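Model, not experiment: these values are computed from the prediction. All residue numbers in this chain count up from 1 along the given sequence.
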Amino acid sequence: MKRILLLLLLSALLLCSCASARPFARAEDGSGYTDTRAERFYLALDPAFEPASAGDIYGEYHDKERDVTRTFRVIPQLDHAHFLADENRIVYFAGDTVPDPATWQLTAALVCEEDAISVERLRLTAEENGELLALLQTTWFEGEGNALLPLGAPVYTRRIKLTCAAYPNLFYCFTLHAYESGEGYFYDAVNRRTVRVPDALLAALHPDQTEEG
């Protein structure tokens, strides 16, 4: 009897959750979705933006022809009237000015190993590594972006995730590749941007060079 009551309770909670999800409509050009109740349009941001975590369900878009549903969730500590994330970790923004990570006052850069899950291997913070954070930010956003990656596979690959206090739980991400030659490059596969990493910065982001190499 207890098991039946538990199943009924879970079903009721699921129905309430689905009923409370706001209906969303997809833009014809696929650029984003509209919260039809609030008449608020959410633009899909560059894939370099990622949510650190996702919270409660806020809305859903259902494509009846293809029987596909996209679920939108709030991002903790961010206003859902401006930011949402879907199940594919795409971030959506509603507002006049899209966040510009080139101008962020960085609080940290996470250096993560990406496999089945993301594992933080190193963290540079503003308190302890302010100069390195500034160098990292200017290198990626102001450096020449048309460098060529060396031939062959990198010996060390990490995902760099920038964060700031103004947008908690929102990351801006790109990839670090380090090669046996001692060269390192920041890389964005979507935008095809490639920047050579200064040796001092590479040493900080790749502290186990002798072991990895």
Side-chain angles (χ1 to χ4, degrees), residues 44-54 73 75-76 83 85-93 98-213:
L45 294 184
D46 188 301
F49 289 96
E50 293 181 3
S53 61
R73 293 179 177 272
I75 301 175
F83 293 94
D86 68 14
E87 65 272 20
N88 297 315
R89 298 180 61 79
I90 297 173
V91 176
Y92 297 84
F93 174 75
V98 173
D100 180 5
T103 65
W104 285 2
Q105 187 72 35
L106 297 181
T107 54
L110 282 58
V111 183
C112 301
E113 184 175 357
E114 302 283 298
D115 198 355
I117 59 173
S118 180
V119 179
E120 182 183 330
R121 296 300 188 188
L122 178 69
R123 179 182 292 235
L124 302 180
T125 65
E127 292 80 6
E128 298 182 3
N129 316 100
E131 291 185 2
L132 282 172
L133 274 185
L135 177 58
L136 187 157
Q137 190 173 26
T138 55
T139 296
W140 175 243
F141 292 105
E142 299 179 20
E144 293 291 335
N146 55 358
L148 296 177
L149 292 175
L151 296 176
V155 296
Y156 177 90
T157 296
R158 291 291 184 265
R159 189 73 166 160
I160 308 298
K161 302 186 178 187
L162 307 182
T163 184
C164 69
Y167 300 107
N169 288 312
L170 181 66
F171 291 141
Y172 181 86
C173 310
F174 47 93
T175 299
L176 166 66
H177 290 313
Y179 292 82
E180 192 172 0
S181 63
E183 296 177 332
Y185 295 85
F186 289 147
Y187 179 62
D188 183 337
V190 174
N191 297 308
R192 297 295 179 183
R193 178 171 173 76
T194 308
V195 180
R196 175 72 186 270
V197 179
D199 292 343
L201 180 55
L202 179 61
L205 298 174
H206 183 7
D208 303 319
Q209 294 181 69
T210 55
E211 296 179 15
E212 296 279 350

Would you please name every residue forming a side chain to side chain contact (heavy atoms under 4.5 Å, CB included) with [X], sequence neighbours left out?
X    : answer
P47  : V190
A134 : none
A54  : R73
E114 : C112, S118, R159, K161

Tell me every residue that passes ring-ring contact (aromatic ring centres under 6.0 Å, His included) with Y179, counting only those two or more places apart in sequence or in another chain. none
Could you pull out all residues at least two apart from F186 that satisfy ring-ring contact (aromatic ring centres under 6.0 Å, His included)?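 In terms of ring-ring contact (aromatic ring centres under 6.0 Å, His included), with neighbours along the sequence ignored, F186 is linked to F174.
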Under the side chain to side chain donor-acceptor pair (under 3.5 Å) test, which residues partner Y92, sequence neighbours left out? R70, D86
Shortest non-hydrogen contact between [X] and [Y], atoms and distance:
X    : Y    : answer
S53  : I75  : O-CG2, 3.8 Å
L202 : G182 : CD2-O, 3.3 Å
V195 : G145 : CG2-CA, 3.9 Å
L122 : A204 : CD2-O, 3.2 Å

Using the ring centroid of each side chain, check whether Y172 and F141 are separated by less than 6.0 Å. yes
Taking atom [atom1] of [X] and atom [atom2] of [Y], what is their separation to the nearest 0.5 Å?
X    : Y    : atom1 : atom2 : answer
W140 : I160 : CH2   : CD1   : 10.5 Å
C173 : L162 : SG    : CG    : 7.5 Å
H206 : T157 : NE2   : OG1   : 9.5 Å

In a table with atom names and distances, give each donor-acceptor pair under 3.5 Å that connects a side chain of residues 123-130 to protein atoms at least two apart or in another chain.
residue : atom : partner : partner atom : Å
R123    : NE   : E120    : OE2          : 2.8
R123    : NH2  : E120    : OE1          : 2.8
T125    : OG1  : E128    : N            : 3.3
N129    : OD1  : T125    : N            : 2.9

Apply the test ring-ring contact (aromatic ring centres under 6.0 Å, His included) to residues F49 and F93: give CA-CA distance (whole Å), side-chain angles for both, the deciding distance (0.1 Å), then the verdict. CA-CA 11 Å; F49 289 96; F93 174 75; 9.1 Å; no
Below 3.5 Å, can you tabulate the donor-acceptor pairs from side chains in residues 101-110 to any protein atom, sequence neighbours excluded?
residue : atom : partner : partner atom : Å
T103    : OG1  : D100    : O            : 2.8
T107    : OG1  : T163    : O            : 3.2

Kindly indicate, with the supporting measurements, whether the criterion side chain to side chain contact (heavy atoms under 4.5 Å, CB included) is fulfilled by I90 and L45. CA-CA 7 Å; I90 297 173; L45 294 184; over 6 Å; no
Residue pairs fulfilling side chain to side chain donor-acceptor pair (under 3.5 Å) with at least one residue in residues 182-195, sequence neighbours excluded: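 Sorted result for residues 182-195: D46-N191, E183-Y185, Y187-R192, D188-N191.
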